[in-house]
Each structure stands twice: as C-alpha cells, then as structure tokens.
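First the proteins, then the strands, lettered A, B, ... as listed; each starts at 1.
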Protein chains: 2
Amino acid sequence: MTKKPRTRNAGTTVTLADVAREAGVSEITVSRVLRSKGPIAEKTREEVNAAARKVGYVLNRIAGSLATAGSELVGVIIPSLTNIVFPDVLRGLDAALSRRGYRTVLSVTGYQRDLEARLVASLLAWRPTALVVTGLEHDAETMAMLHAAGVTVVEVMDVDGQPVDIAVGVSHTRAGRETAVYLLQRGYRRFGYVGHDIGLDLRARKRHAAFLATLAEGGAQLLGESVAAEASSVAAGRAGLAELLRRHPEVEAVYFSNDDMAIGGMFHCLAEGVAVPGRLAIAGFNGLDLGQQLPQPLTTLRTHRFRMGQLAGEAILARLDGATAESIVDVGFELLPGATA
Amino acid sequence: MTKKPRTRNAGTTVTLADVAREAGVSEITVSRVLRSKGPIAEKTREEVNAAARKVGYVLNRIAGSLATAGSELVGVIIPSLTNIVFPDVLRGLDAALSRRGYRTVLSVTGYQRDLEARLVASLLAWRPTALVVTGLEHDAETMAMLHAAGVTVVEVMDVDGQPVDIAVGVSHTRAGRETAVYLLQRGYRRFGYVGHDIGLDLRARKRHAAFLATLAEGGAQLLGESVAAEASSVAAGRAGLAELLRRHPEVEAVYFSNDDMAIGGMFHCLAEGVAVPGRLAIAGFNGLDLGQQLPQPLTTLRTHRFRMGQLAGEAILARLDGATAESIVDVGFELLPGATA
DNA sequence: TTGAAAGCGCTAACAT
DNA sequence: ATGTTAGCGCTTTCAA
C-alpha cells in the first residue's frame with residue numbers, strides 16, 4: 001500500500017480530472033468542452049461528453065466561480081411573497097435569466113427596512129453577477145454597499161427617483177395622479193381612501209400623495225381615510241371600507257392602495273348590498289386578473305410585473321454582453337376602465 | 001519598478017489577507033473570527049472586526065464553499081409562481097433557512113416535467129446543502145440524480161407516495177376523499193367537476209381521482225366535468241363553471257380543482273344570479289384567504305403552505321445538526337365549512 | 001489561542 | 001486544437 005498524499009478529497013467526488021483521465025485528454029480540454037468555449041474538435045467533444053456521462057460528472061460552479069471571480073447567480077431582494085406582484089416580477093426575472101443558465105438567489109425582507117443592508121451583504125458574498133432590489137429608497141449603509149458592489153444593480157418597481165444603476169418599473173406618482181384625474185373626469189367629488197401600512201410600502205405612499213395632490217388641484221375633497229397598520233390584503237380592504245363608510249357615509253368614490261384592498265372593498269359592497277358604482281365608486285391599482293374577473297371588472301391601472309422582471313433580467317444580460325443599458329426603464333401602465341367607477 | 005508576479009487578482013478585491021495584514025494576525029485567525037469558529041481571544045476578535053470594517057471586507061462564500069466542499073445554498077424547484085401556493089411555501093422555506101444564513105436558489109419549471117432533470121443538474125452544480133423539489137413524481141433521470149446527489153432532498157406538497165428522502169406535504173388523496181364525504185353528508189348527489197390541466201398538476205389529479213372514487217362508493221353520480229387545458233386561474237374557473245352548467249344544468253354541487261378555480265365559479269354565480277348554495281353548491285381546495293373573504297366564505301380545505309415550507313427548511317437544518325429527520329411529514333389540512341356548500 | 005502549509009476544483013494566461 | 005502552469009480566496013489539517 002502506497003502512502004496516500006495528504007489530500008482532502010476522499011476520492012468520492014467526481015472531478016474534471018476524472019473525466020479527463022477517462023477521455024484521455026487534459027482537464028482544461030474537458031473544461032472547454034463542458035463550457036462550449038474555445039475551439040474543440042468534434043471528435044474530442046463527443047469523447048469528453050461520453051466520458052463525463054460515464055463517470056457521472058456533475059458541474060461544480062462553486063469552483064468555476066472562484067476561478068472566474070464571479071458567479072452565474074443574481075441576488076434578489078423583495079419585501080414580500082404574500083402580495084402576488086413580487087412573485088410576478090420574480091417570474092419574469094427567472095424567465096429571462098434562466099435561459100442563459102443564471103439562477104436567482106432569493107431574500108425576503110418582510111418590509112423590514114433595517115434588514116436590507118444585511119441581506120445585501122449576505123447576497124454579495126455569493127459574488128453575484130447582479131443584484132436586484134426593490135424600490136429606490138434604501139438606508140445609507142445599503143446605498144454605500146450597492147454603489148461599491150461593482151456589480152449591476154437593478155432597482156425594480158419604481159422609477160420615481162435616481163437609481164443607483166438601473167431602474168425598471170413604473171411611476172407611482174403618475175399612477176396616483178392619473179387615477180385621480182380619471183375619477184374627477186367621471187364627475188366624482190367626495191373621495192375616500194382605504195390603504196395599508198404606508199410607512200412600509202413606499203410606493204403606495206407615492207400613489208397616495210399624488211392622488212391627494214391631484215384631488216386638491218381639481219377642487220375635490222378627501223373626506224376621510226382608513227389606513228390599516230398592516231400589509232395589504234383582501235381582508236384589510238374589506239374591513240377598511242366598512243370602517244370608512246361608517247365614519248364617512250357621504251363618500252362617493254374610494255381609492256384603494258392596491259387591487260387586493262379594492263377587491264376586499266368590492267366584497268364588502270357585495271355582502272352589504274352597496275351598489276357599485278351607483279352608490280359608491282371603487283378604484284384600485286395593479287390590474288390583477290382577479291379584479292377583472294369580478295362580476296363587475298375593477299376600475300384600476302394595470303402594471304406589467306412579469307415584464308418588469310423580464311426587462312430587469314434582460315438588462316443584466318445586456319450588461320454582460322457589454323451593452324450600455326438604459327438607466328431608467330419605465331414599463332408604464334394602462335388604465336382599465338372596468339365597471340366600478 | 002519591480003516585476004509583478006503573474007497574478008489574476010488585479011489588487012481590487014479585498015480579501016482575508018488584507019484584513020489579516022491590517023489586524024496584524026494571520027488569515028486563518030481572521031477566518032475564525034468571521035465565522036465565530038474556534039477559540040479566539042476577545043481582543044483579537046475586536047481588532048479583526050475593526051480591521052474588516054476598515055478595509056471594507058465582503059465575505060466570499062464562493063471561496064469558502066469550495067474549501068468546505070458545500071455551500072450554504074438550498075436549491076428549490078417549483079412548477080409555478082403564478083399560483084400563490086408556491087410563493088407561500090417559498091416564504092416558509094426562506095423564513096426557516098434565512099435565520100441560519102442559508103439562501104434559496106430558485107428554479108421554476110412551468111409544469112414542464114422534462115425540464116426538471118436539467119434544473120436539478122443545474123442546481124446541484126452549486127453544491128447546495130439540500131434540494132427542495134415539488135411532488136413525489138419525477139422522471140427516471142431526475143430520480144437517479146436525486147438519489148445520487150448526496151444531499152438532503154425534500155419533496156414538498158404531497159405525501160402520497162414514497163419519498164426519495166424526506167416528504168413534507170399533505171395527502172391529496174385524503175383531501176379529495178374528505179371533500180366528497182363532506183358533500184355527500186350534506187345531501188348532495190348530482191355532482192360536477194371543474195378543473196384545470198390535470199396532465200400537468202398531478203396533485204389535482206390525485207384529488208380528482210379520490211373524489212370520484214368516493215362519490216361512486218357513496219352512490220352519487222358525477223354528471224359531468226369541465227377541464228381546461230391550462231393552468232388554474234379565476235378566469236378558467238369562471239369559464240369552466242359556465243360551460244359545465246350549460247351542458248349539465250341539473251348539477252347540484254361542483255368540486256373545483258382548487259380555490260382559484262372555485263372563486264372563479266363563485267364569480268360566475270354572482271354575475272349570473274345563481275344562488276349558492278341554494279341552487280348550486282361549490283367546494284374548492286387550499287383555503288386561500290381570498291375565498292374566506294368572499295361575501296359567502298368558500299367551502300374548502302385549508303392547507304398550510306407556509307408551514308410546509310417552514311417544516312421543509314427545519315428538516316434541512318435538523319439534518320445539518322446531525323438529527324435523523326422523519327421521512328414523511330404530513331402537515332394535514334382542515335375542512336373550512338364556509339357557506340357555499 | 002494562533003499559525004504554516006496544503007489543498008478544494010476549476011479556469012485564465014500563456015504556450016505549443 | 002490542445003496542454004502546462006499558476007492561481008482564484010478560502011478552510012482543513014497539523015503543529016506550536
């Protein structure tokens with residue numbers, strides 16, 4: 001028995017060297033074949049592929065990433081998975097990135113802003129190709145890391161502000177304004193607002209602010225608001241509208257912080273026999289399919305979440321290919337007139 | 001000017017060596033401090049932490065993972081992000097794993113079963129601590145990889161079958177059966193079924209099969225089915241019920257493949273003035289909050305998706321700690337009587 | 001409690 | 001078209 005060299009690989013892991021030995025070529029040749037990189041003779045390629053299959057080789061992207069100083073991972077930080085809009089964005093992102101073999105590494109903040117810096121640091125430790133974060137507002141520490149990261153940074157959902165690198169989203173200020181303009185045009189004057197925790201959801205806050213400003217310009221009144229100290233949900237919207245109408249029965253149109261909330265409001269009206277839009281007009285934000293399937297389709301603005309994710313992914317890939325990406329991509333929205341306002 | 005050694009680090013990356021130099025200790029000491037591993041003098045710890053902050057050190061988990069032959073990543077493969085149940089599971093998983101610094105790497109199949117093997121291979125390349133896949137049915141190639149992977153494998157959503165390693169989910173067979181038993185007890189005898197693509201969603205298929213078998217045992221009839229060749233959605237449920245009632249107006253109770261579909265059915269009834277449950281009874285599956293917020297809460301089974309993800313994450317962590325995990329974790333469900341059946 | 005040396009498995013750079 | 005060499009930045013092992 002020969003004395004074994006002091007080695008940590010117990011011999012259980014199949015490596016490039018094993019494939020190389022089997023195929024009778026060098027490691028680097030195997031590496032080239034497996035990555036389709038550089039000129040390879042067709043015969044060699046086949047032999048190497050056969051050898052890899054034979055010995056049961058599994059790529060080791062950890063080792064590869066260390067050698068190339070960068071991983072085919074994209075870090076993603078979103079505030080929530082409960083609200084379907086974020087899975088929608090994630091879907092678009094994964095669709096774009098997975099085609100080139102890039103994978104998303106996920107983190108959820110639960111809207112805790114003080115968590116973001118820790119998550120950014122934690123994701124940067126994986127030497128990702130890019131980081132996708134939500135919104136344009138971040139604390140100073142996070143900002144510093146994003147600027148120093150040396151990777152593509154995409155801020156999704158919002159374009160109202162100055163991006164660190166690239167922003168892909170919609171203008172929530174415009175959204176709030178256009179909803180108000182539409183409702184004013186329809187003749188409503190006595191408004192209410194039903195919202196969710198606006199200290200957490202900064203984009204909802206922007207819509208709210210623009211909505212109110214536009215009402216004021218239009219000479220209309222906001223009679224009252226009902227704002228839940230929690231995340232948006234159908235239940236919160238339903239309870240919120242009930243409360244608002246109790247306090248301000250004279251309200252004739254209600255703007256909800258998003259479609260989930262508005263759908264809750266619709267359920268309240270259906271359950272209590274409040275005629276919509278005859279007695280009360282309702283408007284939301286997002287254009288969820290669900291709202292369009294209600295007995296009366298919801299009046300709302302449709303946002304393109306999948307497209308946002310997809311464009312974010314494409315911007316990341318374009319960077320890799322050396323293209324200079326737009327720094328602000330406004331995906332836009334469309335008014336869905338619906339039948340509730 | 002001294003001749004530079006041929007080195008690939010252009011000097012831009014801050015490494016452990018930089019921190020070590022700054023702190024006046026060796027690299028391994030820095031490594032120990034940063035990982036809180038091994039005995040370290042309090043003074044040393046503070047000096048190292050200060051040095052790390054000063055030079056702006058960012059952990060490199062790629063290098064660390066190569067050295068330790070395993071990453072703090074967990075690969076996750078789900079069929080969809082459109083159906084909220086999968087984000088729910090993901091949320092539970094992330095909640096459990098992120099507390100220990102583990103991150104999830106995501107892949108979505110879009111219910112394309114032939115994609116699964118490629119995604120498993122692609123995720124294994126990141127040398128994850130564990131792999132989380134959906135369901136118990138996989139093609140032969142995927143099965144072979146999962147068995148050979150040498151990592152913890154958790155199959156989520158379903159427990160009706162033999163897991164590769166660990167299964168965390170519910171029995172869809174029991175779910176289908178118990179729904180049928182409940183509806184039979186309520187006195188319904190003329191049934192209909194409205195479903196989505198059952199060739200893709202194998203768990204919906206199990207519920208469907210058990211539901212039909214139980215009806216037969218109970219001497220009831222299935223008068224007709226309407227099955228959309230697409231993923232489940234509110235729109236598909238609404239259209240499906242409309243079609244079913246056209247063909248079989250004598251149906252008195254309809255089982256939907258899930259809550260999304262059932263909610264669509266409810267919307268049809270609301271829009272068309274079909275009395276529920278007087279004229280038609282409706283039952284779903286999942287117990288989404290949305291269904292419980294309808295003017296009449298939906299009759300359904302509540303599943304605990306967040307909990308499933310959380311238990312999957314905890315099983316993975318328990319393995320790391322050397323515990324021997326249960327191989328089948330039945331998370332169970334509860335009947336929500338609601339008011340639609 | 002700390003350190004020196006060796007290696008994890010791969011790829012960039014430089015041959016041939 | 002293929003190979004040799006020298007790292008990538010960290011942690012394990014062994015030693016002090």
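Within a 6.0 Å radius of CD in A/Gln112, more than 12 heavy atoms belonging to other residues, nucleotides or ligands are found.
The CG atom of B/Leu16 sits 15 Å away from the C1' atom of C/dA4 (whole-angstrom rounding). Atoms CD (A/Glu72) and C1' (C/dC10) sit 13 Å apart, rounded to a whole Å. Following rounding to the nearest Å, A/Arg127 (CZ) and D/dG9 (P) show an atom-to-atom distance of 8 Å. Computed from coordinates, the B/Lys37 NZ to D/dT13 C1' distance equals 12 Å when rounded to whole Å. Rounded to whole Å, atom P of C/dT1 lies 15 Å from atom CD of B/Glu47.
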Requested in this report: Let me see the working for A/Ser71 and A/Arg61 under side chain to side chain donor-acceptor pair (under 3.5 Å), right down to the final yes or no.
Outcome: CA-CA 8 Å; A/Ser71 73; A/Arg61 286 191 196 273; over 6 Å; no
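Within the 4.0 Å cut-off from OP1 or OP2 of D/dA1, not a single side-chain nitrogen or oxygen of A/Thr44 is found. For A/Arg35, a side-chain nitrogen or oxygen approaches OP1 or OP2 of C/dA12 to under 4.0 Å.
Annotation: of the two residues near DNA chain C, B/Thr68 and B/Pro39, the 5′-most nearest-nucleotide partner is B/Pro39.
B/Arg113 has no carboxylate O lying under 4.0 Å from a charged side-chain N of B/Glu116, or vice versa, which leaves the two without a salt bridge. With respect to the salt-bridge test (charged N to carboxylate O, under 4.0 angstrom), the residues B/Lys43 and B/Glu46 do not qualify. The pair A/Arg21-A/Asp18 meets the salt-bridge criterion, since a charged nitrogen lies less than 4.0 angstrom from a carboxylate oxygen.
Listed by first and then second residue, the salt bridge (Lys or Arg N to Asp or Glu O under 4.0 Å) pairs involving residues 120-138 of chain A are A/Glu137-A/Lys206 (not counting sequence neighbours).
Between the side chain of A/Ser122 and the main chain of A/Arg118, no donor-acceptor pair closer than 3.5 Å is present. Within the 3.5 Å criterion, the main-chain N or O of A/Ala323 finds no donor-acceptor partner in the side chain of A/Asp321. In this structure, A/Thr134 contributes its side chain and A/Ile77 its backbone to a donor-acceptor pair below 3.5 Å.
Here D/dG9 is the nucleotide among D/dG9, C/dT2, D/dT2 with the atom lying nearest to any side-chain atom of B/Thr13. In this structure, the nucleotide among D/dT2, C/dC10, C/dG3 sitting nearest to the side chain of A/Thr15 is C/dC10.
Residues from residues 27-34 of chain A that place a heavy atom under 4.0 Å from any atom of DNA chain D, listed by number: A/Ile28, A/Thr29, A/Arg32. Against DNA chain C, the stretch residues 56-67 of chain B makes heavy-atom approaches under 4.0 Å through B/Leu66, B/Ala67.
Among the protein residues, B/Ala69 comes within range of no part of the nucleic acid, since none of its heavy atoms lies under 4.0 Å from any strand.
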